[in-house]
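So the structure is just underneath, and the comments pick up after that.
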Amino acid sequence: MSTFDESSLSEDDVQYLLNALKHPKEQLKIDEIRTKISESVTLLGGSEIDGNAVILGIVDDIEYILHIHCGDALLPIESLSYSIHLRFKQSNLHLARLDINQRHKNPWEKTAKRYSHIHIYTPEYANKGRVAIPIDVNEFPNISNIARTLEDFFKKTNIRTS
C-alpha cells in the first residue's frame with residue numbers, strides 16, 4: 001500500500017517516484033503495445049496506436065497506468081504527434097506525460113506553441129500536469145521512432161520490462 005498522497009506530492013516525492021523501480025504487472029500488455037507500434041509503423045495493421053498497461057512500483061506497491069496514443073503513425077514526421085503517459089491508477093493524476101509535436105501553453109505564456117515536451121507532476125499547481133518543459137534531446141534523441149521513444153520513456157521513468 002502506498003504511503004504517498006498522490007494529490008499533494010512534494011518535489012522530492014516526485015523525483016523519488018520517477019526514479020523508483022517499476023515493472024509491468026502483466027508483461028503481455030507491454031508486448032501488445034510494442035506489437036501495435038510495430039504493425040502500425042511497418043504498415044501491417046491499422047495506423048492508430050492506443051494501448052494501456054498496468055505498471056507496479058516494486059518498493060511501494062503503487063499501481064500506475066501506462067498509456068500510449070498516436071492517432072496516425074503513418075503521417076510524415078513533421079505532422080506526427082503522439083503521447084506516452086504514466087499516471088497513478090488510483091487518482092488518474094499524471095506522474096509523467098511525454099507529448100511529441102503537440103501544442104501547449106504554460107501558465108506564464110500568452111500563446112500555445114507546437115513543440116515536443118514533457119509534463120512532470122508539478123506540486124505548485126492545482127492541475128499537476130500544467131507545466132510542460134521542452135524535451136531533452138539526450139533523453140529522447142529519436143522522437144520520429146515511436147518504439148525507440150517508448151523505450152526512452154521507460155528509461156526516464158525507470159520501468160523495466162525484462
Problem - Neighbour count above 12 (heavy atom, 6.0 Å) for Glu11 CD - result: no
Practice task
For Asp13 and Ser10, test the side chains for any donor-to-acceptor distance below 3.5 angstrom and give the result as yes or no.
Solution key: yes
Completion exercise
So NZ of Lys22 and CG of Leu86: to nearest 0.5 Å the spacing works out to 6.5 Å
Practice task
Establish whether Ile68 and Ile65 are linked, either directly or via other cluster members, by ILVMFWY side-chain heavy-atom contacts under 4.5 Å.
Solution key: no
Problem - Interatomic spacing from CD in Gln102 to OH in Tyr115 - rounded to 0.5 Å - result: 11.0 Å
Practice task
Calculate, to the nearest 0.5 Å, the distance between atoms CG and CG belonging to Asp61 and Leu56 respectively.
Solution key: 5.5 Å
Fill in the blank from the handout: Interatomic distance, OG1@Thr122 vs CG@Asn127, rounded to 0.5 Å, equals 8.5 Å
Handout entry: Separation between CG of Asp5 and OG of Ser91, rounded to the nearest 0.5 Å
Key = 9.0 Å
Practice task
Go through the side-chain N and O atoms of Tyr64 and Thr157 and say whether any donor and acceptor fall under 3.5 Å apart.
Solution key: no
Exercise for the section: Report yes if the distance between the aromatic ring centroids of Phe4 and Phe88 is under 6.0 Å, otherwise no. Expected result: no
Problem - Same apolar cluster: Val59 and Ile159, side chain cutoff 4.5 Å - result: yes
Handout entry: Donor-acceptor pair between Ser81 and Arg114 side chains, under 3.5 angstrom
Key = no
